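Handing you this structure, nothing more for now.
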Protein chains: 2
Amino acid sequence: MPGTRGADQGDSTVARRSATIYDIARAADVSHQSVSRYMRGLDMRRSTKEKIEKALETLSYRPNLTARALITGRSHRIGALTHEVNQYGPGLIIQGATSAAREAGYLLDVIALDMGDTNDLNQALSQLLQYDLDGILAFASTDSVKAVFEQTDFGVPALVAAEEEDYQVETSFDRPGVGQLVSHLVGLGHERLLHIGGPETYSAARNRLRAFEAALAHFGLKPAGVAHGDWSARSAYQAVMALPIGSVPTAIVAANDQMALGAIHALGQRGLRVPEDVSVTGVDDTPEAAYFTPALTTIRLDFKEQGKNALVALLNEIGDGGEHPSFLPAPTLVLRDSTGPRSTGATNP
Amino acid sequence: MPGTRGADQGDSTVARRSATIYDIARAADVSHQSVSRYMRGLDMRRSTKEKIEKALETLSYRPNLTARALITGRSHRIGALTHEVNQYGPGLIIQGATSAAREAGYLLDVIALDMGDTNDLNQALSQLLQYDLDGILAFASTDSVKAVFEQTDFGVPALVAAEEEDYQVETSFDRPGVGQLVSHLVGLGHERLLHIGGPETYSAARNRLRAFEAALAHFGLKPAGVAHGDWSARSAYQAVMALPIGSVPTAIVAANDQMALGAIHALGQRGLRVPEDVSVTGVDDTPEAAYFTPALTTIRLDFKEQGKNALVALLNEIGDGGEHPSFLPAPTLVLRDSTGPRSTGATNP
DNA sequence: CCGTACATTGTTACCGATAACAGTACGAAA
DNA sequence: TTTCGTACTGTTATCGGTAACAATGTACGG
């Protein structure tokens, strides 16, 4: 017979384990089912409702979502695979996603991956799957992640968060994003642009590169070069330092702000001034970008919204879709001091 | 009679829901309890073991942690309250914590708080508590969080992650940390040091401030001033721009690298050179700090380890303490180009 | 060859909720 | 007053595991 447990719990301070619907039911002298119905807001006689409410006041009940999850098959948890949370973008995406999840009554189970390690990825996934989640979200949009997500049937909705550029590449050159940067630079007279991209395995990196090339092509130009960094300032620094003398372009389009910073630093060490000799642009508009020396021209992305969007999209697939995925706000060009007219003829160390 | 469900699931591709121990038991012709024992690695006859293993190969079983959690009261999940994940430190702490959790067979439920909003905090907590967690960890070490954690009995172990400086303040001036920066600067001849701190509600900010003052006092000096920023480059920029003419110190000790960047930028706008006129230091050693102009002198903290440590400490309280909390590696001084001998007498805009 | 100790396996109860269905109370119609 | 439909309420089954105990099998000593 149910409802015969947890009778005494000492008269000390706080209930060790909070009451169950059976405790409430006993205290209110109704069936546990009525309590369950009350909690779910179903119709019931006023008198019953009042009995339950009185009991609730006394006992401090808190629903046990584990038990509910077991029977309903809905855990109200979403697994999130991410990486490099220390970076500005990914961090904000997570933040946006967790708060959106929270609003919808979900919780985000975050696993930070050691990127590039496929073993790690698989292990993480199989661990995640044990916790019957309602859905799985990957914010790490790399080839290996995408491959795994396409091949595997997780038994629950799973999706890889889309990059903001994914649906822009094909469209025209002056679309928000890297294209805007390029046309800004071309408008300043630059013709020899170098791109410092992220790792080729990242779709964001590829998208930005393609947008760069597409925009240049529109102006009848070709890239003055493409270097591949790893999103870090250090990698861009090294790439710029490695540029052969005489082949330094008049403008550098880095795939994120950190790499732009590294590029600026390297240019400085090579005796080149920004923007007088070389213009430099970033992507992201981190809060620091405005305080670089010189302040960085870049494009601003709304990462929080991106995270929220991915979550809402997943929620819709789960079937708990209250909201419709909002449109991502368009990236906006932020003009600052790191770009200027093409140098008229400085020497080129 | 148990074990009579999930018989047919279509002959299509993948099992909609993975098999349960009852399915395995039926296939192996043993009791479900034997399967449970097998999964937990208990002793059993070889023949039984083999039967189960054969069944497992056929059916692709995956334990349901929800069901296990319901009976054992162990969810193997830990709630994590955090904030400003977009910043370098907090992000890395989360990363360290999630991977440590993963190794121990736990999952981290992350909630990113809108700091300073106590309502938000309480709401987040009460939501967290529904998901019977094994423990709760707060990485946001602010007054309001601490207060809530001290007052509330969550029914499970809960702790606020310690700041690296917490156990250093009382000790001597040349302890790793801000003290090291101060003695470095004093060693260069500086006597008028300004501190740009974080928000006073953050214990990390207070600790750094106290360390700053204590170190100065050791040399018989007093702060040339203390400004309070909000960890952002912008806030430090404004603080430095607001300094009355003539009161600009010869060295600025910012409480993190971002604020150091903002300070450098402001100094540049006021026509002061770093480090010739003013030395500037940060705290954190973000990957970008080396590529500031000038490269930033700062102290390096191991945030990942900090996150891991907090998690291990909590695990110990939970009683699942395999490891002992390792000692945090001492912060190390990183000397770069933003500090130099006290200026011998430039004018002071 | 039998009884007992011990190792292994099977049965039933339980965790705390919801689902499905049975049972009761009440008001309206006959 | 009786009957019936409707609206609640109560009872039992269920989710997928583990716990506790009962039952069986095996090994060994007498």
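If you're wondering where the values come from, they're calculated on a predicted model, not measured in any experiment. Here is the naming used below: chain letters follow the sequence lines, and residue numbers restart at 1 for every chain.
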task: Kindly point out which of C:dG10, C:dG16, D:dG17 is positioned nearest to the side chain of B:Asn64?
output: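 Nearest listed nucleotide: D:dG17.
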field: Nucleotide-resolved protein contact map, nucleotides 18-24 of chain C, B/S/- at heavy-atom distance under 4.0 Å
entry: BBB----
message: Show every side chain to side chain donor-acceptor pair (under 3.5 Å) that has at least one partner inside residues 92-102 of chain B, sequence neighbours left out.
response: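 Found A:Asp120-B:Arg102.
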field: Atom pair NE2/CZ of B:His32 and B:Arg37 - distance to nearest 0.5 Å
entry: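 The distance works out to 8.5 Å.
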query: Quick one: is C:dG16 close enough that its OP1 or OP2 comes under 4.0 Å of any side-chain N or O from A:Thr20?
result: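 A:Thr20 to C:dG16 OP1/OP2: no side-chain N or O under 4.0 Å.
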message: Nearest whole Å is fine: how far is D:dC8 C1' from A:Ile52 CD1?
response: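 Rounded to the whole Å, the gap is 12 Å.
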Pair A:Arg46 + A:Glu50, salt bridge at N-O below 4.0 Å: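 Answer for the salt bridge query: yes.
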- prompt: For A:Arg46, which contact category applies under a 4.0 Å heavy-atom criterion: base, sugar-phosphate, or nothing?
  reply: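 If one applies the 4.0 Å heavy-atom cut-off, A:Arg46 turns out to touch nothing in the nucleic acid.
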message: Taking B:Phe154's backbone N and O only, do any of them form a donor-acceptor pair with B:Thr152's side chain (distance below 3.5 Å, no angle check)?
response: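 Not a single qualifying donor-acceptor pair exists.
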- prompt: So which of A:Val160, A:Ile111, A:Leu137, A:Val148 actually passes side-chain contact (heavy atoms from CB on, under 4.5 Å) with A:Leu81?
  reply: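 Exactly one option meets the side-chain contact (heavy atoms from CB on, under 4.5 Å) with A:Leu81, and it is A:Ile111.
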query: CZ/B:Arg77 to CG/A:Leu107 distance, rounded to the nearest 0.5 angstrom?
result: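 The distance works out to 8.0 Å.
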- prompt: Got a salt bridge between A:Asp143 and A:Lys146, using NZ or NE/NH1/NH2 to carboxylate O under 4.0 Å?
  reply: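 Between A:Lys146 and A:Asp143 there is no salt bridge, as every charged N stays at least 4.0 Å from the carboxylate O atoms.
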- prompt: Taking atom NZ of A:Lys51 as the centre, does the number of heavy atoms from other residues, nucleotides or ligands within less than 6.0 Å exceed 12?
  reply: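 Counting neighbours around NZ of A:Lys51, more than 12 heavy atoms of other residues, nucleotides or ligands fall under 6.0 Å, so yes.
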task: May I ask you to decide if the ring planes of B:Tyr88 and B:Phe303 are parallel, tilted or perpendicular, using 30° and 60° as cut-offs?
output: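 Taking B:Phe303 first and then B:Tyr88, their aromatic rings stand perpendicular (interplane angle over 60°).
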- request: Ignoring backbone atoms, establish whether A:Thr48 has a side-chain N or O less than 4.0 Å from OP1 or OP2 of D:dC8.
  value: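 Answer no for this pair, as no side-chain N or O of A:Thr48 is under 4.0 Å from OP1 or OP2.
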field: Nearest-Å distance for atom pair CG/P, residues B:Leu70 and D:dC15
entry: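 Spelled out: CG on B:Leu70 to P on D:dC15 is 14 Å.
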query: With a 4.0 Å cut-off on heavy atoms, is A:Tyr61 in touch with a base, just the backbone sugar-phosphate, or nothing at all?
result: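 Touches sugar-phosphate only.
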- prompt: Nearest-Å distance, OH (A:Tyr131) to P (D:dC15)?
  reply: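 Rounding to the nearest Å, OH of A:Tyr131 and P of D:dC15 are 23 Å apart.
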Grab the N/O contacts between the protein and nucleotides 5-7 of chain D below 3.5 Å, and write none if there aren't any.
none

